[in-house]
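Okay, so here's the structure we're looking at.
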Amino acid sequence: MTTTGTTTGTTTGTTTGTTTGTTTGTTTGTTTGTTTGTTTGTTTGTTTGTTTGTTTGTTTGPATAAVRAVGTAHVRVEGREKVTGAARYAGEIPFAGLAHGWLALSTVARGRIRAIGTEAVLAMPGVLTVLHHGNAPHLETDYVGVLGTRPDPTCAVFQHDRVPHLGWPVALVVAETPEQAREAAEALVVDYEPQPHDVDFTAGHPDAYPLDGHLPAVTDKGDLEARLAASAVVLDVEYTTPEEHHHPMEPHAATARWDDGVLELTDSNQGATWVVSELANLFSLDPASLRVRSEHVGGGFGSKGVRAHQVAAVMAATALRRPIRVVLTRRQMFTLAGHRSPTVQRIRLGADADGRLRALDHRSLSRTSTVYEFVEPSAGVARVMYEADAHHTENRVVRLDVPSPTWMRAPGEAPGAFALEAALDELAEKCGIDPIELRLRNEPDRGPVSGLPFAGRNLRACFEEGARRFGWAGRDPRPGVRRDGRWLLGTGTAAASFPAGAGPSTATITAEADGGFTVRIGAADIGTGARTALTLVAADALDVPTDRIRVRIGDSAFGPAMIAGGSMGTRSWAWAVTAAARELRERLVPGMDVPAQGITVRSDTTDAVAALAQKERHSFGAQFAEVAVDPATGEVRVRRMLGVFAAGRIVNPLTARGQLTGGMIWGISMALHEEAARDASSGGPVGADLAGYHVATHADVPHIEADWVDDPDPDDPVGIKGIGEIGIVGAAAAVANAVWHATGVRHRSLPIRPDRVLTAGRGA
Ligand code: MOS
């Protein structure tokens, strides 16, 4: 069938009905006019062909028969800009009159600054100033920020002469060029009065104490010791995980400048409004006089909030009245970007002979600095995952002379699920029960600690689908019996969970005169594909094709919004975009002309998200891994991985798969490679670079697949739960459990390095 011609005119009215059939052919022509009205109906069938032509005019009014964008694969809307290099990141955006700051970091792990040799470096070429505790402005640090946290003193720079860890910022040298600033900063002589330091993190440290973080420190139910004593099967094991670092591809970078009374920061962060609020607090400024922009961000993983470089840049820009850029080097990031604390976790499980848990005890120790309290709440995951009559969880910290740790992808859940899910595997072995069956026997119907109902807990479906696709049925449970040449083969599994929350956000949408829609929201796309996801959400909410949507993000001027964190970004922003779209559609009455300036509506989800019912709300998943272990070299290779998740409605399958497999690859890395060594004598990191700190690279990544089961959140306007962090949860345990299955040896300390495999293999 071929249609050629011109259609001109106006169509008004209502179309209701059902169209079924097949249309094949070519449509060429021009359509001019106005279509107003309501279309309701169902279209079933197949359309094949080509449509060429021009459509001019205005379409207003809802049509409910459109193709849904959410759930369909969509390449990143800014992908072309990124791969062609047109997308510019914070450290490469030019400014007239730009000067460069370079941070000088302490070379002692504890002590006092006696003197700073500023005079010599001020005489060096291009040097403009040196900021330090003797001349820096006062910062206000007595506040609780928008995320409920107090400021980390490592970021509130140059306030006193004390040095609490190696790599503490002691000065900012500002010069005309980055090379001049760096040379001067490295030439800066700082005279310290050193004091003895302690960076020795050990189990049973006498100074450890329970600490609340974003979760309470302790939960306690039932008589643990009695239940353990009465259990047919008891497990008492200790796991350790090392200090780990986030290190996104794009190092931290910021340019600060004053422009007509407004402090502008061009930055790389996980939330522009978050950075505004922290800087406003620190510098006692009206938030309305700050603007933070971060259009493209090359990864964050929890490390990109307010850090020393932004604060130092603002100080220098204020002092010199020039735009000042400060970037961190990869090496500086090892002390200034936060990190994941090492953990020691003791787990005690008591079960009936059939594997039903009667007692569960998960105690985690992590490390923080002497100047800031941050807890890696690894024991929290047990509060969600498994029920037992006696149930105890506890997160403790010890303060040492180290940089402050911070949130790092799945803070708590990542190390916590390694320990807990490895322990479940050990219990399965002791009980002689399949590890999946053991978990399913212990599926709770309410929050094990909270007693609250789950807002969807589709873990069973994940295990069933995962087992089918991975080929779990018929697995020989005996360890060390499968071989492929010199390689010992094994398979392992683990469960995953991560909280599914939402934070208040505002969004505006403008209906443009040309028929397009501009969405503005203070969101951050840290590489997750958030901008693209919001394009799909807006297209559906407005019932228009995605090419009529333009999403603008990464600007605090767009109003307050949730950060790209806590796996809550996309969900929180989608909520605000949906709410604004709903209101806009009410405003766009059929037949109305959109004025030149457009029609703009603003949403605010503060009340809506606060009304989320009190429930246990999480994403879940089942991780599977197959490994090969070379007993002669101790090398472990992951051969394949599969993760099946129940993580709410998946907005964009293309980027969602990348987000989930990215987390799983990090799990491989966590299981086998990542470990930051800290030198006891200097107190500093050893090999603070990506040559010494090993992360999984292409050769380490095998056949890896992520998929999901249908799991929309009924209380979310789009059905989203969030997939930011769950991919890493349980992934390292699945690998470690597979290593046991291959070798018969339990590795309870990460990473499972070749030397550890060899030592264990020799029975040492
Ligand atoms: Mo994530 S650790 O909340 O950026």
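Numbering of ligands and ligand atoms starts at 1, following listing order. All of these numbers come straight from a predicted model, not from anything done at the bench.
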Report task. Around atom 3 (O) of ligand 1, find the nearest protein heavy atom and jot down its residue, atom name and distance. Result -> Gly566 N, 2.6 Å
Query raised in the report: Which class fits the ring pair Tyr239 and Phe418: parallel under 30°, tilted 30 to 60°, perpendicular over 60°?
Result: perpendicular
Report task. Give a yes or no on whether a salt bridge exists between Glu92 and Arg88, defined as a side-chain N under 4.0 angstrom from a carboxylate O. Result -> no
Query - Under-4.0 Å heavy-atom contact with ligand 1, by part of Glu725 that carries it - result: side chain
Query raised in the report: Atoms of ligand 1 less than 4.0 Å from Gln270 heavy atoms?
Result: 4 (O)
**Report entry** Least distance between heavy atoms, Gly300 atom then Pro248 atom
**Finding:** N-CB, 3.8 Å
Report task. Between Ser567 and ligand 1, find which residue part has any heavy-atom pair under 4.0 Å and reply side chain, backbone, both or neither. Result -> neither
Requested in this report: Please determine if Glu373 and Arg399 form a salt bridge, counting it only when a charged side-chain N lies under 4.0 Å from a carboxylate O.
Outcome: yes
Report summary line: Here the atoms of ligand 1 under 4.0 Å from any heavy atom belonging to Trp407 are 2 (S)
Query raised in the report: Mind checking whether Ala410 has an N or O less than 3.5 Å away from an N or O of ligand 1?
Result: no
Query raised in the report: Between Gly621 and Leu459, which heavy-atom pair has the shortest distance, and what is it?
Result: O-CD1, 3.3 Å
Report task. Look at the aromatic rings of Tyr693 and His245 and report parallel, tilted or perpendicular, splitting at 30° and 60°. Result -> perpendicular
**Report entry** Per-atom contacts of ligand 1 with Arg409, taking only distances under 4.0 Å to non-hydrogen atoms
**Finding:** 2 (S)
Query - Partner of Lys721 by side-chain hydrogen bond (donor to acceptor under 3.5 Å, both in side chains), out of Asp713, Asp711, Thr570 - result: Asp711
Requested in this report: Show which atoms of ligand 1 fall inside a sub-4.0 Å distance from at least one heavy-atom site of Gly302.
Outcome: 2 (S), 4 (O)
Report summary line: Here the atoms of ligand 1 under 4.0 Å from any heavy atom belonging to Pro411 are 2 (S)
